[in-house]
Amino acid sequence: MNKPRAWMINVALLAFGLVAVMPAMAANVLQDVRYASAPGGKVDITLQFAQPVGDVQAFTTDSPPRIAIDLPDTTNELSQRRVAIGAGATSAVSAAEAGGRTRVVVDLFRPAGYTTRSSGNMLILTVDAGSQGGGASAAMATGNDPTKRSASTVALSNIDFRRGENGSGRIILKFDGDSANADMRTEGNRVVVDVSNAQLPEKLRRKLDVGDFATPVSSLEPNSNAGGTRLVINTAGSNDTMAYQTGNEYIIEITPKRSAAMASAGKSNTVRASGAVSSASAQRYTGKPVTFNFQDVPVRTVLQLIAEESNLNIVASDTVSGNLTLRLINVPWDQALEIVLRAKSLDKRRDGNVVWVGPQDELAKYEQAREDARIALETRAETISEYIAINYGNAEEIAKLLTEDSKTGQQGGGQQGGGGASGGGGQQRGFLSPRGSVSFDNRTNTLLVIDIPKKVQEIKELLQVLDRPVDQVLIEARIVIADESFGKELGARFGIGGIQTNNSNVVVIGSTVESRNNLVSGTGDITNSVNLGATDENAASLGVRLQAGSFVIDAELSALEKSGRGEIVSNPRVITSNQKEAIIRQGQEIGYKTTNASSGGASQVTVAFKEALLEMKVTPTITQDGRVYLNVAVKKDDLRELLRAGDDLIPQIDRREVNTAVLVENGQTVVIGGVYEFKSRDDVQKVPFLGDIPFIRNFFSNKNKNNSKAELLIFITPRVLQTARR
């Protein structure tokens, strides 16, 4: 390529690039779309731009009714393609960019006029409310016949108040016709509903106090107003209001903005004007809030708007028809869908992201026909035989599980011990079809299943869950018996005596005959006048004797202090399968003889036995979260002493036992029982008067003090021994 030609190509490319860049640099940007309701049913739509707006081109279409605005040299930077409005005659606003310009389209429910004005970087489009007959255009757009509202006079026949879902207050105005022209507005803490063509009978002209039922509504005040009817709804607190009309009923729902959990659980009472009470089930809605304000709009159009807000694919049956009047403000789209379906006796079936909407009876007939076809196919299906080996369970128990009624045991040939249960009788029984049967072989632990392929496969999948190793549990108990004792005893023995000779006569002075005899015999032992010494033979003593002439004084102090401490630890362990009882015991049988009188009068000696055992019974259950529920009984018996009854010795047994049920973490140790016993005893023996004199009272008294403590603690620790799964 020669240089002049290359230079010309470069210049051309540069010029083309400048031409392409310059409009982009000068283009405006659509940044935001907002809307607000205006008086008279009008809607103000505000378009926010990056720069002041120049000339715009606008035009309208009647079928379907729309307003289109072309914005040259404008790019679209809206975060969402479509903004739902649902107020007045305005349905939604959408924007699209193509060819260096942006087109804003306003979808209408019915043809309506509009005005535009600019204010700085904003373009404000005001859409009129449109004519009430404009619903015909919207109906033709969806292929339905237009339904015009009748201006004939109706009468209000009843006013019901109900406590609805999530603690909401639900007011139902019932008319004697379906042409009521209702209008609702909010004035502070009041909601005012005017029905211009409805007459209010005298029996309904009374105030209804409904403040005792935990809803935002405190009272209802129906009154006549300029030839029509006005209902004033007094509310309390922050709430959301919505209304819709179906047939001869106009329904207002006032929902609190606080959490639905504050409503009374299980007591969704419904209060009617006549005093009747019913219940309404609570239902939670999580959809994006939407606002709809429709007057005689086709149901199919409402379903289309809900589909756009929910990002669902809604398929409406050909039999879905009719018009609807709705006023919903900040209502979740899934609740709005339920209201529309309820108002027109419709129902829905969801499959993934597709929702099928149709009349309730039509959907019910479709599902019934599909179920009949499935049953017919199963009835004509060919049966097969399958032999399923059971590894860990019991074939007989599983065969019983697979059938609802008790199986009929049948003795097999040879060494085969088996039985079976058939599915005859033309009825579905358990996991089998009406033509299915199941039997078992105890010797090989095998199931024999005869059924259609679908049912056989379901049984095999079920056995993969049921026929698996059972986890085992190691249960370890620790029984601790600790006792501690302390005793102290202080006593004294005191004696005084003597011999006095008077004219060759001997006079003996002493406390006891034994002492006087000792003195007479010359031994001089005059002790034991007061004997309050320590009773224990191991007590230490200190004695002193004073003799003055023929008088002797003996004194002896004895004292003893003893303490003891003991501890017994028992540690039984046992392993068992999940939900299987385990028992472990250790101990002895203590024999003893008893003597009974026979019929002939002779004594008959028999030998009986008493058990003194350490025993633990436990049944573990492993929960789904890995913890262990224990039903446990532990006892520890000991022989205390042998009691003598005549010539017989009867064993006395100390019994310690606990029965309980406890939920324990795997590997955690808990105390399932404990007993603490404390004994304290002080005994004093003394000589009256002398035992109360200070300094010498210890010679005339005996003091004995005993303290003992005993404690029993029972610990238990479960450990799950998980078995490897297949």
Side-chain angles (χ1 to χ4, degrees), residues 36-43 86-88 129 154-175 180-246 249-260 262-263 269-275 280 289-295 325-331 335-336 339:
S37 298
K42 297 181 180 181
V43 176
V154 295
L156 184 62
S157 59
N158 196 14
I159 301 175
D160 289 352
F161 176 78
R162 304 182 181 183
R163 189 179 190 277
E165 293 87 351
N166 300 330
S168 63
R170 192 177 184 200
I171 302 98
I172 302 176
L173 305 180
K174 185 175 293 186
F175 303 92
N181 187 9
D183 178 67
M184 184 181 72
R185 65 184 182 275
T186 301
E187 298 178 353
N189 292 333
R190 303 192 312 167
V191 177
V192 180
V193 180
D194 284 326
V195 187
S196 58
N197 63 331
Q199 297 180 351
L200 180 64
E202 186 66 28
K203 65 178 182 179
L204 297 180
R205 296 182 183 181
R206 65 181 186 275
K207 182 178 180 179
L208 302 177
D209 188 357
V210 293
D212 295 335
F213 299 95
T215 70
V217 182
S218 58
S219 63
L220 307 177
E221 299 180 11
N223 296 291
S224 297
N225 179 50
T229 298
R230 170 173 291 180
L231 175 65
V232 178
I233 305 170
N234 297 309
T235 63
S238 179
N239 55 75
D240 292 325
T241 304
M242 68 176 181
Y244 62 94
Q245 184 173 351
T246 171
E249 292 184 347
Y250 187 77
I251 301 160
I252 307 105
E253 291 194 10
I254 301 177
T255 307
K257 290 185 178 180
R258 55 188 173 89
S259 173
M262 300 297 294
N269 296 329
T270 299
V271 183
R272 303 179 183 273
S274 57
V290 296
T291 298
F292 294 146
N293 188 359
F294 303 144
Q295 293 288 336
T325 297
L326 286 177
R327 187 181 188 275
L328 307 178
I329 301 175
N330 292 330
V331 176
Q335 184 179 8
I339 290 174

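Given the structure is predicted, the values throughout are model-derived calculations rather than measurements.
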Does [X] reach the side chain of [Y], with side-chain heavy atoms less than 4.5 Å apart?
{"X": "Met242", "Y": "Ile339", "value": "yes"}
{"X": "Ile171", "Y": "Leu231", "value": "yes"}
{"X": "Pro216", "Y": "Thr255", "value": "no"}

side-chain hydrogen bond (donor to acceptor under 3.5 Å, both in side chains) against Thr186, all qualifying residues, sequence neighbours excluded: none
List for me each residue that meets side-chain hydrogen bond (donor to acceptor under 3.5 Å, both in side chains) alongside Ser196, sequence neighbours excluded, and say none if there are none. none
Rounded to the nearest 0.5 Å, how far does [atom2] of [Y] lie from [atom1] of [X]?
{"X": "Leu156", "Y": "Lys203", "atom1": "CG", "atom2": "NZ", "value": "9.5 Å"}
{"X": "Thr241", "Y": "Ile254", "atom1": "OG1", "atom2": "CD1", "value": "4.5 Å"}
{"X": "Asn181", "Y": "Tyr250", "atom1": "CG", "atom2": "OH", "value": "10.0 Å"}
{"X": "Arg162", "Y": "Ile251", "atom1": "CZ", "atom2": "CD1", "value": "8.5 Å"}

Indicate whether any N or O donor in one side chain lies under 3.5 Å from an N or O acceptor in the other, for Asn223 and Asn225. no
Cut-off 3.5 Å, side chains only: do Ser218 and Asn234 have a donor facing an acceptor? no
Does Ile172 offer a backbone N or O that forms a donor-acceptor pair with the side chain of Asp160 under 3.5 Å? no
If we ignore hydrogens and angles and just use 3.5 Å, is the side chain of Arg163 paired with the main-chain N or O of Thr215 as donor and acceptor?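 A pair under 3.5 Å: no.
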Any pair with a residue in residues 189-201 that passes salt bridge (Lys or Arg N to Asp or Glu O under 4.0 Å), sequence neighbours left out, goes on the list, sorted by first then second residue, please. Arg185-Asp194, Glu187-Arg190, Asp194-Arg230
If you look only at pairs with a residue in residues 217-227, which of them pass as a salt bridge (Lys or Arg N to Asp or Glu O under 4.0 Å), with sequence neighbours excluded?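 Residue pairs with at least one partner in residues 217-227: Lys207-Glu221.
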Please find the pair of heavy atoms, one from Pro222 and one from Leu204, that lie closest to each other, and give the distance. CG-O, 3.1 Å
Nearest heavy-atom contact between Ala182 and Val195 is CB-CG2, 4.0 Å
Mind running side chain to side chain contact (heavy atoms under 4.5 Å, CB included) on Ile252 and Leu173 for me, showing each step along the way? CA-CA 8 Å; Ile252 307 105; Leu173 305 180; 4.2 Å; yes
